[in-house]
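Working notes for the structure below.
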Number of protein chains: 4
Amino acid sequence: MSPRTEETNQRIREEQRQHILHAARKLFAHRGLIATKMTDIANAADVSYGLAYHYFKNKEEIFTTLVERALDGTVSIMEQARSMPGTPLDRITWLGSQMLEGLKDQPDYTMLVLQTFTSEAVPQRLRERALEQSMAFLDTLRQLIVEGQEAGQIVAGNPDYLASAFSACMQGLAVGHTFYGSVYPVYPDLNTIMHLLKP
Amino acid sequence: MSPRTEETNQRIREEQRQHILHAARKLFAHRGLIATKMTDIANAADVSYGLAYHYFKNKEEIFTTLVERALDGTVSIMEQARSMPGTPLDRITWLGSQMLEGLKDQPDYTMLVLQTFTSEAVPQRLRERALEQSMAFLDTLRQLIVEGQEAGQIVAGNPDYLASAFSACMQGLAVGHTFYGSVYPVYPDLNTIMHLLKP
Amino acid sequence: MSPRTEETNQRIREEQRQHILHAARKLFAHRGLIATKMTDIANAADVSYGLAYHYFKNKEEIFTTLVERALDGTVSIMEQARSMPGTPLDRITWLGSQMLEGLKDQPDYTMLVLQTFTSEAVPQRLRERALEQSMAFLDTLRQLIVEGQEAGQIVAGNPDYLASAFSACMQGLAVGHTFYGSVYPVYPDLNTIMHLLKP
Amino acid sequence: MSPRTEETNQRIREEQRQHILHAARKLFAHRGLIATKMTDIANAADVSYGLAYHYFKNKEEIFTTLVERALDGTVSIMEQARSMPGTPLDRITWLGSQMLEGLKDQPDYTMLVLQTFTSEAVPQRLRERALEQSMAFLDTLRQLIVEGQEAGQIVAGNPDYLASAFSACMQGLAVGHTFYGSVYPVYPDLNTIMHLLKP
DNA sequence: CATGAATGAGGGTTCATTCAT
DNA sequence: TATGAATGAACCCTCATTCAT
């Protein structure tokens with residue numbers, strides 16, 4: 001009865017959605033929600049802008065979908081780091097490697113979360129969730145650091161300072177890579193960064 | 001006829017300019033060039049939007065003025081760090097303290113430079129200058145690090161990695177403070193950050 | 001190869017056409033040509049919007065088909081009233097009963113004709129025809145009224161006024177029923193309305 | 001301090017508002033909320049469409065303002081008819097004369113209320129208020145008719161039918177005048193219409 | 001110097017219509 | 001016959017900017 005099978009349509013839909021999301025990610029990461037035009041997204045995805053509205057209610061929904069994906073990723077890593085076996089240093093090292101890898105592969109996602117804070121146009125709900133997640137992340141990190149200090153594996157000092165510095169470093173790398181990664185494509189290795197926390 | 005002396009007018013002009021610039025800084029830092037509306041700036045500065053056009057040709061000029069001010073500040077610090085007397089570590093430490101202080105007092109300026117990269121609306125010239133400056137800053141930092149390593153004051157390792165990590169840390173702090181400084185107002189002290197470079 | 005006979009296809013075609021027309025009628029009557037979306041029509045008819053274009057060239061054609069059907073109905077009644085035997089009052093009474101019945105059964109059709117006047121999107125030709133028909137109807141009515149007055153069956157007075165009032169009453173009932181028929185489902189009987197014309 | 005006095009601005013604002021409302025009234029009455037474009041309103045009012053947004057939040061607000069004005073007018077007439085001295089017939093006659101006059105002067109307002117029912121775009125609140133008002137009006141009318149019947153001044157018969165027919169007649173005149181008033185500019189006089197209710 | 005009325009380019013979004021399957 | 005993916009014209013609205021006062 002159906003001219004294209006339902007299955008085919010399903011596949012097309014899913015592919016196009018991902019296609020558009022992928023194109024939007026880079027743009028949102030670089031320019032933010034407001035400064036990114038739907039036309040830009042459509043052009044980057046090589047579809048008409050009308051089609052984008054076939055798949056997403058509006059620009060905000062594309063943005064929100066992406067940011068939630070990013071937040072989910074962070075949550076997942078955080079939970080693993082908290083619950084995994086090993087010494088505190090092992091776990092912080094694992095966490096750091098995950099983050100650094102994420103930054104290298106997709107610095108966009110980190111920038112997206114930051115963009116969440118830069119515009120009134122972002123739905124309040126999303127901004128709140130992003131903020132909570134960020135705070136939760138710092139908390140987890142601080143907790144691991146305290147444990148590490150107790151085990152003598154982490155340098156002494158205010159754990160808030162250490163968590164803040166470590167996290168800032170990661171965040172700064174994402175920002176840096178997004179904006180001058182093409183001109184200065186240097187990524188420090190994990191050792192360099194972990195040195196921040198070593199005794 | 002005129003109840004105001006020319007001098008008074010001069011003073012008023014200058015005060016209003018600064019007033020508007022000051023109001024615009026926070027807004028641009030948080031929202032970027034495009035998402036910041038002239039009305040917002042005028043409201044924040046408590047003047048009519050028409051008046052803003054007496055003092056600045058357009059929105060771009062306000063933005064440009066602010067970014068150039070920020071870049072000039074960076075250049076000045078950089079040059080001092082390069083030419084000042086003392087051991088390499090002394091000079092890096094001084095540079096770090098200047099940056100950290102700047103971030104605490106006015107994280108806006110750092111964000112402004114980042115915003116420069118986020119929008120096509122920014123004049124090409126300005127973006128180029130900001131990029132050059134950023135690269136020059138990393139270069140200076142790397143140079144000091146190399147000198148410090150030769151003097152045995154800085155930890156061994158790829159100086160590019162070290163410079164990149166150190167710089168990312170500072171940048172990350174600015175971003176973090178701008179966006180969740182009000183919720184998580186923790187600033188690491190200089191020692192914590194300098195630990196990144198210590199042997 | 002084809003499991004369906006040509007005849008069956010014929011029947012399906014005709015049924016679907018009527019189905020779509022029926023669904024469109026209510027929507028057009030309530031919302032007008034522009035505010036009624038093809039998607040709405042398709043949904044109401046329980047077909048895909050693509051299918052609607054198999055049966056009709058475009059939205060305008062659906063609207064036009066419906067309005068013409070409405071106008072044809074009016075013409076037919078008018079002609080019968082003009083040519084039927086009986087006293088003038090008999091014929092006016094018959095005309096009134098036909099109208100009232102039509103309004104009760106399908107107030108949509110009357111509204112459709114009104115909608116014809118509300119939008120530039122309606123083809124000029126159709127609007128003109130609707131206007132002509134309306135004028136012709138008033139003319140016929142006035143003619144019957146004059147005859148009735150001569151026969152002493154209709155109250156004295158300006159026949160234009162009488163025709164206009166009588167016609168307005170009918171039109172008003174259609175409008176009223178369409179828009180608050182569900183809240184105030186009262187229909188006056190023919191006697192009440194005919195009283196307008198009785199001596 | 002102010003270049004134009006506040007008073008002057010006040011006046012300009014008020015004049016322009018009325019100007020735009022006036023232009024919008026005819027258009028909304030003829031075409032409804034959705035089919036009336038802001039550009040049309042602006043053109044009719046001889047201002048840029050941007051200016052319309054200086055004075056009204058959006059198209060809906062213009063429409064709402066007009067409809068509320070119309071409803072207020074109806075309420076006022078209704079209340080006067082209910083509370084004024086005189087016999088029931090006197091009061092119905094006064095009510096009829098007010099309505100007929102209103103229809104002649106500004107059939108637009110009556111059409112506006114009808115348009116309220118034709119589009120989902122109209123705020124629910126407004127539609128509800130319009131419906132209530134319409135029902136209240138019919139109620140008032142029916143009440144007066146009952147009193148008139150008791151006084152022997154109104155023809156016997158179902159008062160709901162009488163009220164409905166009388167009201168339909170008025171409404172139909174507004175519709176008719178709006179849509180073919182220019183071609184058939186006949187208005188029945190009050191006597192013709194009142195005959196509907198006379199014994 | 002200061003205000004805010006006025007303009008219109010530009011961007012978000014809707015929806016009629018086409019067309020591959 | 002039937003579907004819905006895809007396109008783009010057209011409309012709503014925002015906001016940078018101009019200018020009369």
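Just so we're on the same page: letters track the sequence lines, and every chain starts at 1.
Taking atom CZ on Arg11(A) and atom C1' on dG4(F), their separation rounds to 15 Å, with Å as the unit. Rounded to an integer number of Å, the gap from Ile12(D) CD1 to dG4(E) P is 12 Å. The distance from atom CD of Glu120(A) to atom C1' of dT14(F) is 15 Å, rounded to the nearest whole Å. Nucleotide dC12(F) holds its P atom 14 Å from the CZ atom of Phe63(D), rounded to whole Å. Rounded to an integer number of Å, the gap from CD of Glu61(C) to C1' of dA16(E) is 14 Å. Going from atom CZ of Arg13(C) over to atom C1' of dA2(F) covers 12 Å, rounded to whole Å. One can place CG of Asn9(D) at 15 Å from P of dA20(F), the figure rounded to the nearest angstrom. Between Lys57(B) atom NZ and dA16(F) atom P there is a gap of 15 Å when expressed in whole angstrom units.
With rounding to the nearest 0.5 angstrom, the CZ atom of Phe63(D) is 6.5 Å from the CD atom of Gln115(D).
Nearest-nucleotide positions on DNA chain F place Gly50(A) closer to the 5' end than the other of Glu60(B) and Gly50(A). Where Lys59(C) and Asn58(A) each meet DNA chain E at their nearest nucleotide, the meeting point lying more 5' is that of Asn58(A). Between Tyr53(A) and Tyr49(C), the residue anchored closer to the 5' end of DNA chain E is Tyr53(A), taking for each the nucleotide with the nearest heavy atom.
The side chain of His54(A) contributes an N or O atom lying less than 4.0 Å from OP1 or OP2 of dA5(F). Distances shorter than 4.0 Å separate some side-chain N or O of Tyr55(C) from OP1 or OP2 on dA2(F).
Side chain to side chain, Arg25(D) and Tyr109(D) meet the donor-acceptor criterion of an N or O pair below 3.5 Å. Donor-acceptor pairing under 3.5 Å is lacking for the side chains of Gln10(B) and Glu14(B).
Listed by chain and number, the residues in a side-chain hydrogen bond (donor to acceptor under 3.5 Å, both in side chains) with Thr8(D) are Thr5(D) (sequence neighbours excluded).
In DNA chain E, runs of at least 3 stacked Watson-Crick or G-U pairs (N1-N3 plus N6-O4 or O6-N4, or N1-O2 plus O6-N3, all under 3.5 Å) give these stems: E:2-21 with F:2-21.
When all heavy atoms are compared, the tightest approach of Pro123(A) to Glu60(A) is CG-OE2, 3.4 Å. Closest heavy-atom contact between Lys59(C) and Met38(C): CB-SD, 3.8 Å.
Among the heavy atoms of the strands, none lies under 4.0 Å from Phe56(D). Within the nucleic acid shown, Leu51(D) comes within 4.0 Å of at least one base atom, counting heavy atoms only.
Annotation: side chain of Thr118(C) is in contact with side chain of Phe179(D) (closest heavy-atom distance under 4.5 Å).
By the 4.0 Å N-to-carboxylate-O rule, Arg129(B) lies close enough to Asp72(B) to be salt-bridged with it.
Contacts between residues 15-40 of chain D and DNA chain F, defined by a heavy-atom separation under 4.0 Å, are made by Thr36(D), Lys37(D), Met38(D).
Of the listed residues (His19(B), Arg11(B), Gln18(B)), just one forms a side chain to side chain donor-acceptor pair (under 3.5 Å) with Glu15(B), and that residue is Arg11(B).
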Applying side-chain contact (heavy atoms from CB on, under 4.5 Å) to Thr65(D) and Arg17(D), what does each step give before you reach the verdict? CA-CA 11 Å; Thr65(D) 303; Arg17(D) 258 186 83 89; 4.2 Å; yes
